[in-house]
Structures are given as C-alpha cells and as structure tokens.
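Quick caveat, the model's predicted, so the values are computed rather than measured. A, B, ... follow the sequence lines: proteins, then strands. Residue 1 opens every chain.
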Amino acid sequence: MKQLKKYWPFYLMAVPAIVYLIINNYIPMFGLVLAFKKINFSVGIWESPWTGFSNFVYLFKTKDAYTIFRNTIGYNFIFIVLGTLISVAVAITLNEISRVRAKKLYQTVILLPYMISTIILSYLVYAFLASGNGFINKTVMPLLGKEPKNWYSDVKSWPYILTFVNLWKNVGYSTIIYYASVVGIDKTYYEAAVVDGAGFWRKIWHITLPGLKSTIIVMTVMALGRMFYSDFGLFYQVPMNNGMLYPATNTIDTYVYRGLMELNDVGRSAAAAFTQSILGFILILGANALVRKVDKDNALF
Amino acid sequence: MKISAKRLICVVLALVLTLSLAACGSKTKTPAQTNVPAEGGSSGSDNNAPADSAEIPVVKIALPSISEPTHLEAVTDAMNEILVEKTGCKVEFVILDYGTYANQMNMILSSGENAVDAFHTLYSFTLSSLVANGQVMALDDLLANYGQGIIEAVGQEYLNCGKVNGEIYTLPIVAAYSNATGYILSKEVADEFGATDENINNLEDLTELLLKVKEKYPEYNLVPTSTAGWMLDCSIDNLCDTNNLGVLMDYGQNLTVENYYASEHYRELCEYAKIWQDAGMMTDDPLNNSNGTMAEINAGTALGTFSDRPSAEANIMDYQPMLQIEITAFQLCDALATTQNVIHSNWCIPSSCKDPESTMKVLNEFYSNPELSTIALQGIEGLTYELNENGQAVYPEGVDMMNAGWGMNMTFLWLNPAIAVPMVPQTTEYWQGIVKSNETCLKSKALGFTFDASNVSDEMTACVNVVNQYHLPLMAGIVDYEEVLPQFLSALEDAGIDKIIAEKQAQLDAWAAQQ
C-alpha cells in the first residue's frame, strides 16, 4: 500500500499493459478447461462432459512420441545455442563498424529476413533446392563437380537446412537486441582498458561479454520457456509438408496439426498446447533456480 | 484508502472472472435451446399465406465465392421473388472467400452464433466429426415435414448416406454418386496413338500407352502430382475415411474390413507408380506441387492426368471447361457408389440455426424448382448468361467466368444442377444420364454406412501421421516399395490400425444387422 502511494504514477502508466495482459493472456486461460472436456458445440463448453486426462494420452502413446519430442527439443536446443553465439558475434562486429551509414545499412539488411513470411520463405528455399531447376542443383553442385541431389527426399540434410534457415531468419532480430546492450556499455571501460594495454580480444572477453551477460541470460531463459513449442511455419511450410522428411521435420506442433486436421478435435489440441506450456513452465522455473543459485543478481525472479 | 492493493486486484479479477463466465454462459445456451427439431410449425409462415414483408423470415446461406459477386443483389432479388411466393421465406447470402472458406466456416461453427443457417461442407469437414462436435443438426423430422422435393431429387437410399448414429445430418447435392478411376489425355495425342475408351480399360493398358507417349514427347509429364493426391482409387469403399485405414476391397461387395495398405492391390499400385516415376512421367519434386494437376495441363507441362468422374463422357463434360487443350478420357475401373462418393458434396444446417423449418423449406425449393436452380447456377438471363439455340446457357459477349459477377455454373456446389438450364458443353441429356447412372451404377454393400472414429481417435491420430509419411512417397514412386512398404505396414501396426479395423468391422456389422 505504501508502495502504491509512493509510485502511483508508475502504476497508472502500467494500467494499459495490465489490462492488455488480463484480456489477452489471462482470460483465454479459461480455454484450458477444453483440454479436459469432450466438446459438444450444440450444448456449449460448460455443459460438455468432462473426460479427465484422456485427451492427453494420444501424445505419448504413439511410437512417434520419441521422434516428435526429440525433434522439438533437439532443434530448439541447437537454435538457442547457435542463435545466441551468432547473434552475439554479429552484434559485437556491428559495434566495431565506425561508419554510421554502413552500420545502418548492415543493421537493416540483417533484420530483413525476419520480416519475411514463412510461406514466401518456403518458396525461396524451394527455389534453391528444387530438384530440376533449383539454384543449388543447377549452379552450385556442378560448380563443385557433384551430382545433383534430390533434396526433398534426403532426410539427412534437413536438420542442417532447417537450422540454417532458422538462423538466417531469426538471427537479425536477436542481434538487434544484443547490439542495443553492447551500445549501452559505458565507453570509459574501453578507454581505461586501452590505457592498460588491452587488445581487441581482451576488450571483448573482459568488458563486452560480461556486459552482455544479463541480456544473454534473460533471452536464454525466455527461449527455454518455448522449448516444447516449435515454429510451425518452419517445420511445416519450409519442407512443404513432405512425408519423406517427417523423421527430420515432425515436431509436436506439426504432429498435432496433421493428426487432428480431420478429426477437428478441440479438446486434444488444447491438451497438446497445455502439455507444452506446462513443460515449458517447469523448464523456466528450473533454469531460473539454477541461475539464482550460480549468480543471484542475474536471475529473472 | 483502506483497501490494500492486493485486495483491489482480487476484486477486479473476481469481477472479470464472473463477467466472462456470464458472457460464455449466455452465449452457449442459445444454440442448445434451438436444437430441438421443428415439428410445431407455429411460426405462422404458412406456405399459402403471404406474410407481411416485415415478418418474412430470412435464411442465411454461406456461399463460397471465387470472383467478386457484383450481381449479388440482383440475383438474390430474383431468387427471393420466387422464394417468397413458394415458401414465404427469403434468402440472404453470406459471401466467404473460396480460399479461406474452410477456416471461416470453422470459426462460424465454433462460435455458436447464428451467422448462417445452411452451408456447404466444401470438402473440408468430415461429417462424423461435425456430428461428434455437435455442430450440425439432425434433419429427419425436417425432411419428413418440408423436404419432399429433396427426397424425390436425391432418393431415400442416397439420403441415408448422410446418416450418423441412425439420423440424417446432411443433404448430398444432385450429382453423380458413383466414381471411377479415369484418365484424361490430350485428344490430339490420344488420336495419334489410336487410344480410345474402348481399348484403354485398366492401369496396365494405360501404362503401356503412357510409356509410348512419353517416348514420343519426353518433355511432358503424364502423371502430374499434387499435394492433394493425384489418383483416386475407386475400386474400394473407404467407409468415409479418406486415409483408407480399413476399407472394403473389390468394390465393397463383401462386408469384411481389410487393411488397404497390406493388400496385393496396393502393392500393384506402388509398382505402377515406380514404373511411371522411373520413366520420368511425374512432376519434379512430386510431393511439393500444390498447384493441382489440372493446372499443370494448362501450364503446358503435362498432357494428361488421372481423374475421378464415373464415365469417360462425364470426365470430358466436367473437366473440358477448365482446360485449354481438347481432351478425351478413359475409364479405368467400374463406377462405384460409396457413402463417401455420395456425400462428397453436401449441405448441412448448423446446430445454431434458429429457424430450421424455413431453412429446410428454402433448401427444398432449390432442389425442386428448375427456375430457382437456374438462377443459382447461371445467374440472370441477359445479364450473366444467354440461351443458345439448343437451350444451353452461354456467356454473353465480353463476359467470362471471372467477370460474370456471379459464381457461374458451380455444379459442384448447388443443390440440383440436373433441373437447371445447363451451361455449354453440358446438356440436359447429359444431366439426365447422370441421374440415370445413379440408379444403375454398382453400389457398395456398405452404401449408407458412415464410420464414427471417436472411439479410436488416439489410434486415428497416430495412423494419419503414418499414412501422411509413407503413402504419397510410395504413390510418387520415389522410394523403393520393396523396402518401404514393409516399414509402412509395421508403423501402421504400431500406431494401432488393427484396433481401427476391428472397430470399423464392429460398427459395420451392427449397421448391417439393422438393414
């Protein structure tokens, strides 16, 4: 109460955001009951019968459960590790560019792929990988003296293709966030380091990276919360829903989509999303507890 | 201020909670109350008594549209003139874009609001799941009271195909209720090789012909592929399960449910696919083409494709109008009527409909009134079509399908194209032939049976994923079937196909016992 009195202008400023959160994030949570019901639209949500946990069973009962969980978690893990490494590297490099106009240009160019819709992206990828007229098969492979390859039936190359596409698309966005933190580091640290005789790598190791630490932790912990979700567009549209590639492209989201497209079962879809968010929630709590134990100041909460 | 911040938040949250609960409650109640089949007829809109214009009930019909219907008002007015006189009701069209129709309809159906009173399922909704979700209404009483024209036009046997759990939930449009695997080919090429419907009778004949054609015209595809599939196997009854998980083989002439993918017949298809693929007849990256096979013929990259109409003539009539080359067609198996084929194109009344009697009256009129059906299909004479000397509809000077201002000749959508003025090249005789073929065609022994998947939906989800993974690659001949087919079968087994087959057999036996 004391706080409210003291800081009321700030609370007032937060009101629109709180209202937004309640309307957009909290009220829809009632939808969670769908996961425990067999929905009958003619009687409505509340009158539909309860079914306990039966809507959850199908996710774990199938033999594909291993594949879809492995793919979802595996890809996310790679995306987090490589994504962070590359964006931090690019952010630091960007910071070293001194010409303002060049810097602006690079910033924009890096961010551009993030703005492209996945559907368009899938056709860009197709333009590269098409077996007859694709850029890779028609130009790159002959240059390397290799035989053209049927990319859309080669499961083994898709983990690499998807990782590349995901990084190409998303690195720009996180680079901007890291770049903002790099810019925020006090210039006097660097000046002092130069006086002490520190070289380029020393400055990065002792000043830039420690300065970025909290941003990296926040971004990673947030990404961990989405560990059990997958970018549906990336895994469904980019491989063009090609059955041959399922061992490398089937994730929880695409599995649920394909399985329930025809059954149109709201309860099961809700159950899948519920499972994903619960697992993600546990992961966030765990990661945060770990961070708090190691380095209390940088924990999220 | 005495209230603490915490308490304040609690109060606000509680308020929000109750408000939203109340809102949900009131919304979901309404459809439940109106879900009672109409018998009373107390609405006062008697057929013969012309009601005041203020009281005329309006029936809202969802209409998928490819081009902008600029003449919507004129067409609706022309329809209403007839409808008000004959049924005492009016129609109003809810125009939905063809491309997003399924999504929009799904939202309308899930919202529980009375946004439309009748809709076409447009190949996007499975009847059994619409019924299981309680999204559509049972029609038996309505049909008995107001649907005489429908019963006459469709026939009781075929209407029964819309039954789920013993009640009719959907109305199939008047169309050919049987399908046959067929192939359409450029007429010029067919003539060159002397191929006719008489001498091309099965996949073996066809493959022999295609190999010769491919040799002469190596740059063309002959088996264009599409993500939606490219060859419909019409020699089986899939029991309304498009994933063919447990089917009746051999034209559904005995009631034993079998595993389609384990059959010798399926293996043969894989063999043919391999031959076609190895001869280079298929589209590059066969699983990536989402354009549709007909589009490939128009793009000039293919000379022919598989088709699914019940006869060679029907294939030409239906597909010639959308193709830029002259075609001929071959029928590759007997035409078979199955429940799936009958309710392929069908209309439902959502459970949120508030005035089912009026809706049924209007639908009945569309089924039985030639004048009204003509307006629905061809629009208004002089505006969107003209009559030629044979009494067929043709486009007026400068008008084509895209700028006509009304969805022209949508015979796949409207309730009874057989009684309407036909559009060139179709003729009245052609439509009479279709109606006749429905009486004479081969019928599956399970005609009228619909499988309800809700008891085995866990297994269905798993099996659908397996089928998605293996079926199209096998049909595209891009994998070695000797090696992959056994993998496919064991994956299906792991996913529980035996349980689905057993459930189908049990439901089918129970259904057969009632017949």
Segment of [X] engaging chain A (4.5 angstrom heavy-atom cut-off):
{"X": "B/Phe125", "answer": "side chain"}
{"X": "B/Ala453", "answer": "side chain"}
{"X": "B/Val467", "answer": "neither"}
{"X": "B/Leu130", "answer": "neither"}

Exercise. Side chains of A/Arg268 and B/Ser457: donor-acceptor distance under 3.5 Å anywhere?
Worked result: yes

[X] atom [atom1], neighbour heavy-atom count above 12 within 6.0 Å:
{"X": "A/Phe281", "atom1": "CZ", "answer": "no"}
{"X": "A/Lys63", "atom1": "NZ", "answer": "no"}
{"X": "A/Met13", "atom1": "CE", "answer": "no"}
{"X": "A/Phe56", "atom1": "CZ", "answer": "yes"}
{"X": "B/Glu219", "atom1": "CD", "answer": "yes"}

Exercise. Under a 4.5 Å heavy-atom cut-off, does chain B meet the side chain of A/Tyr126, its backbone, both or neither?
Worked result: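 For A/Tyr126, the side chain is the part near chain B, not the backbone.
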
For this session: Could you tell me which portion of A/Asn250 (side chain, backbone, both or neither) has an atom closer than 4.5 angstrom to a non-hydrogen atom of chain B?
Result: side chain

For this session: Show the numbers, then the answer: is there a side chain to side chain contact (heavy atoms under 4.5 Å, CB included) between B/Gln469 and A/Asn242?
Result: CA-CA 8 Å; B/Gln469 178 173 351; A/Asn242 191 319; over 6 Å; no

How many angstroms lie between [atom1] in [X] and [atom2] in [Y], if you round to the nearest 0.5 Å?
{"X": "B/Leu474", "Y": "A/Met244", "atom1": "CG", "atom2": "CE", "answer": "9.5 Å"}
{"X": "A/Asn241", "Y": "B/Leu472", "atom1": "CG", "atom2": "CG", "answer": "9.0 Å"}
{"X": "B/Asn468", "Y": "A/Arg258", "atom1": "CG", "atom2": "CZ", "answer": "6.5 Å"}

Exercise. With respect to chain A, which residue among B/Asn465, B/Thr461, B/Leu109 yields the maximal number of heavy-atom pairs within a distance under 4.5 Å?
Worked result: B/Asn465

Exercise. Which heavy atom in B/Pro473 sits nearest to a heavy atom in A/Gly243, and how many Å separate them?
Worked result: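 Result for this residue pair: CG-C, 4.3 Å.
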
Looking at [options], which has the largest count of heavy-atom pairs under 4.5 Å with chain B?
{"options": "A/Ser153, A/Ala65, A/Ala130", "value": "A/Ala130"}
{"options": "A/Thr62, A/Asn40, A/Leu129, A/Ile23", "value": "A/Asn40"}
{"options": "A/Gly267, A/Ser131, A/Gly134", "value": "A/Ser131"}

For this session: Would you please go through residues 283-291 of chain B and name the residues with a non-hydrogen atom below 4.5 Å from one of chain A, in numerical order?
Result: B/Asp284, B/Asp285, B/Leu287, B/Asn288, B/Ser290

Exercise. What do the steps show when you test A/Met240 against B/Thr227 for side chain to side chain contact (heavy atoms under 4.5 Å, CB included), and what is the final call?
Worked result: CA-CA 9 Å; A/Met240 298 189 157; B/Thr227 42; over 6 Å; no

